[in-house]
Undergrad: 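Here you go, one structure.
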Amino acid sequence: MSARALFVREWRLAFAGGGGPAGPAAFNLAALALAPLAIGPDTATLAAAGPGVITFAALLASLQGAERMFGDDAGDGTLELYALSGLSLSMAALIKALAFTLAVFWPAPLLAALGGLAYGLTLEAALVLAAGIALAAPGLVFIAAFAGALAAGLRRAGLLIALIAAPLQAPLLVFAAGAARAAMDGTDLAGPNLMLALAASLIAGVLAPLGAGAALRARLD
């Protein structure tokens, strides 16, 4: 199987059954709608908590499809076909994560911008937050894919995936939220935080597929 064929397959599977971005986007929106019930109606408090709540909602949404990313392949023999196709398992993990990001996770920056305005952030801060989520999104998905590969084939692996992925995703959350908070406060740290989010995402894009490939090879052995 070529890299292009695998990408197209994963893209189509993401939309199979009317899924696509609807599930993670609905989960993201639900988290953003419910959080103010716990925070309270005070506008200053909502604005202060907004960047953290919105990035955390994006983090949770990135985990929603992680269990199926490799679980189905491990169960129906597709994983063995990847191993026999000549395509390395690390490259397969990279392509699957990229396809998932582009097909399913693309509404996350838009939801971050709208959520920022709803939480009382300034327009500039909401746009910076959206940029931070856009830069952090690939890293969030790569790390979720790594955790999904470690738990591939295990029953009810969702909690295990969250426990593995969430601590590794935390720096991306911190940098994206920190950029928005810096824009709110009018400091010069928004740009550096965005660059750190990009750097963390690139590092995750290199290391997480290698780790996922090793985990999948260990499962086949």
Side-chain angles (χ1 to χ4, degrees), residues 19-66 100-144 147 158-159 161-163 165-205:
F27 190 85
N28 199 337
L29 282 173
L32 294 181
L34 292 175
L37 298 178
I39 297 172
D42 183 69
T43 54
T45 303
L46 280 176
V53 171
I54 293 166
T55 51
F56 188 66
L59 182 152
L60 294 177
S62 73
L63 297 173
Q64 199 192 31
F100 181 87
T101 304
L102 295 175
V104 176
F105 211 57
W106 62 264
L110 177 62
L111 294 177
L114 296 176
L117 295 175
Y119 273 68
L121 274 65
T122 63
L123 177 60
E124 179 187 3
L127 293 177
V128 169
L129 179 58
I133 292 295
L135 295 174
L140 292 174
V141 176
F142 286 135
I143 294 171
L159 178 60
I161 290 172
L163 290 174
L168 300 174
Q169 292 172 318
L172 290 156
L173 182 152
V174 170
F175 296 142
R181 194 165 291 110
M184 289 173 60
D185 297 338
T187 68
D188 297 329
L189 297 177
N193 273 288
L194 290 176
M195 295 305 295
L196 287 171
L198 174 61
S201 208
L202 291 174
I203 292 171

Undergrad: Using every non-hydrogen atom in the two residues, find where Gly139 and Ser201 come nearest and quote the distance to one decimal.
TA: N-OG, 2.7 Å
Undergrad: So which atom in Ala66 and which in Ala144 form the shortest heavy-atom distance, rounded to 0.1 Å?
TA: CB-O, 3.6 Å
Undergrad: If we only count heavy atoms from C-beta on, is the Leu172 to Thr55 side-chain gap below 4.5 Å?
TA: no
Undergrad: Between CD1 of Ile161 and CD1 of Ile143, what distance do you get to the nearest 0.5 Å?
TA: 14.0 Å
Undergrad: Supply the atom-to-atom distance Arg181 CZ to Leu121 CG, rounded to the nearest 0.5 angstrom.
TA: 9.0 Å
Undergrad: Is the number of heavy atoms from other residues, nucleotides or ligands within 6.0 Å of CG (Asp188) greater than 12?
TA: no
Undergrad: First locate atom CG of Leu111, then atom CG of Leu29, and finally report the distance between them rounded to the nearest 0.5 Å.
TA: 5.0 Å
Undergrad: Can you tell me how far apart CD (Gln64) and CZ (Phe100) are? Round to the nearest 0.5 Å.
TA: 7.5 Å
Undergrad: If you apply the rule side chain to side chain contact (heavy atoms under 4.5 Å, CB included), what do you find for Leu63 with Gln169, and how did you get there?
TA: CA-CA 10 Å; Leu63 297 173; Gln169 292 172 318; 3.8 Å; yes
Undergrad: Any heavy-atom pair between the side chains of Tyr119 and Pro36 that's under 4.5 Å?
TA: yes
Undergrad: What are the two closest heavy atoms between Leu32 and Gly115, and how far apart are they?
TA: CD1-CA, 4.4 Å
Undergrad: Between Ala182 and Ala190, which heavy-atom pair has the shortest distance, and what is it?
TA: CB-N, 3.4 Å
Undergrad: State the CG-CG distance between Leu173 and Leu140, to the nearest 0.5 angstrom.
TA: 8.0 Å
Undergrad: Please find the pair of heavy atoms, one from Val128 and one from Ala183, that lie closest to each other, and give the distance.
TA: CG2-CB, 4.0 Å
Undergrad: On a heavy-atom basis, which atom in Ala31 and which in Ala57 lie closest, and how many Å separate them?
TA: CB-CB, 3.8 Å
Undergrad: Return the CG to CG distance between Asn193 and Leu198, rounded to the nearest 0.5 Å.
TA: 12.5 Å
